[in-house]
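A short write-up of the structure that comes next.
Atoms within a ligand are numbered from 1 in the order they appear, just like the ligands themselves. What you see is a predicted model, and the numbers here were worked out from it, not measured in a lab.
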Amino acid sequence: MQKGRIIQSTGSWYKVDLGNEIVQSRLPGRFRLEGKEVTNPIAVGDWVDITVGKDGSGNIEKIHQRDNYITRQATHGRRGEQILVSNLDIAFVVQSIKQPKLKEGFIDRFLVTCEAYEVPAGIIVNKMDLVSENGEAFVEELKNLYEGFGYKFFSTSATEPNSLKTLNEELSDKTSVFIGPSGVGKTSLLNTIDPNFSEKVGEISSFSNKGKHTTTFAKLIKLSNGGFLADTPGIREFGLFNIEPWELSLYFPEMLEPRRECKFNTCTHLHEPSCGVMEAFEQGKIDAGRYDSYIKILESLQTIN
Ligand code: GDP
Ligand code: ZN
C-alpha cells in the first residue's frame, strides 16, 4: 500500500500523486455509499492509500480523514454538497487596490467562510504599484486590523517580483487557494511566483475562466516552490449556506469575547437588550467597517434561511 494525494478527479478516475510518480486510480463502489452526504465521496486534496496493479493503475483502498474542506451546493439540481478541495493549509482572498477597487465586504465575507470551514485565511492586496499616497496609509491600516485577528496579510505587485518574496515563502510546501474577483491579478501573481504556472494550468483548466474548456473538477497544481495550489472551478460559489444568524458572530474573532456578555445566547447583536457586542462597538473596540460587514452578512443569511 502506498500513500498519495488526489491531485485531479474526473468523477470516475483519480490522479494520485505518490511524490515520485502519478498513478491513475479507481475508487471502489463501497466508498460511494459511505460518502452519501456529499455528492463526491473523494475530493481533490484528499490523502489516500492505494495499491498499484500489474497494469500500473491504482486502486484506492483508504481515504484518510480530512483536516478541513470547502464545499459548495451541488449543481445540476442534485441535493447535498460538493467538496471542492480538502486539506488546505491556507486560503487567500485576493483584492487589488484599484481596477477593480478593493472591497472590504468581499474580504470579510471570505474570512467568515474560512472561519466556518476551519481553514486558515490570508489576504493579498495586489497592484500596489497603482496605490496613491493616502492609499498606502489605508493599506497599512487594513494590515494592522486583519493581522490583529491572526490573518496573514500581504501587499504585492505582480509586476514587482521583490514584493512577492514573503508570499512565495508562505506558499512553499503548503496547499493553498487564491480566491477573488476576476481582474485582481491572481494569474499574474502566480505566473511571477512560478513562471510555468499558466502552462501547468493547461487547457483543461478554468482558472479565472480563461481556459478553453470549463470543467467542474478541481485540480492541484504543483508550484515550483514545492507548494500546491488548488485550481478550483466554481470556488467563488462556495458560501455560507449552513450558518444560523446567531452563529455568525462566532466567525468574527473580535466578537468572541464580547458576545459572552450578551444576555441571550441567540443574540444577533442588532437590537437585543444587554448586548455585549453592541457595547464593545459603542466603546470603539470593534471596527466600524467590520461591524458593517457583520450586519450585511447577517442580512444576507436571513434572506437565505
Ligand atoms: P485574474 O483575473 O485575477 O487572474 O487577473 P489577471 O492576472 O489576469 O490580471 C488582470 C489584469 O491586471 C492584467 O491586465 C494584468 O496585467 C494586470 N495586473 C495584474 N497584477 C498587477 C499588478 O500588480 N499591477 C498592475 N499595475 N497591474 C496588474
Ligand atoms: Zn449580542
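R26 meets the salt bridge (charged side-chain N to carboxylate O under 4.0 Å, His left out) test with no other residue; sequence neighbours excluded. The salt bridge (charged side-chain N to carboxylate O under 4.0 Å, His left out) test applied to R290 returns D108, E254, not counting sequence neighbours. Take S188 and apply the side chain to side chain donor-acceptor pair (under 3.5 Å) test, not counting sequence neighbours, and it matches no residue.
With a 4.0 Å heavy-atom cut-off, ligand 1 is reached by the side chain of D129 but not by its N, CA, C or O. Residue contacts with ligand 1 for N191 are absent, since no atom lies close enough (heavy atoms, distance under 4.0 Å). Contacts between T187 and ligand 1 below 4.0 angstrom, taking non-hydrogen atoms only, involve backbone and side chain alike.
Remark: of the listed residues F149, Y146, Y251, Y146 is the sole one forming a side chain to side chain contact (heavy atoms under 4.5 Å, CB included) with L111.
The atoms of ligand 1 that sit less than 4.0 Å from any heavy atom of K186 are 1 (P), 2 (O), 3 (O), 4 (O), 5 (O), 7 (O). Distances below 4.0 Å separate heavy atoms of S157 from the following atoms of ligand 1: 23 (O). Below 4.0 Å from some heavy atom of L130 lie the following atoms of ligand 1, by number and element: 26 (N). Interface atoms of ligand 1 facing S188, defined by a heavy-atom separation under 4.0 Å, are 6 (P), 7 (O), 9 (O), 15 (C), 19 (C), 20 (N).
For atom 21 (C) of ligand 1, the candidate residues are Q99, M128, Q95, K127; the nearest heavy-atom contact is made by K127.
With waters neither drawn nor counted, the protein N/O/S atoms under 2.8 Å from the Zn ion (ligand 2) amount to 4.
By the 4.0 Å N-to-carboxylate-O rule, K165 lies too far from E169 to be salt-bridged with it. A salt bridge does not link K222 to D194: none of the charged side-chain nitrogens sits closer than 4.0 Å to a carboxylate oxygen. Between R5 and D46 there is no salt bridge, since none of the side-chain N atoms of the basic residue sits less than 4.0 Å from a carboxylate O of the acidic one. No salt bridge links R72 with E81; every basic N to acidic carboxylate O contact stays at or beyond 4.0 Å.
Proximity of a side-chain donor or acceptor of N126 to a complementary backbone N or O of V184 within less than 3.5 Å is detected. At least one donor-acceptor pair closer than 3.5 Å links the side chain of T113 to the backbone N or O of R109.
For the pair G183 and ligand 1, a heavy-atom separation below 4.0 Å is found.
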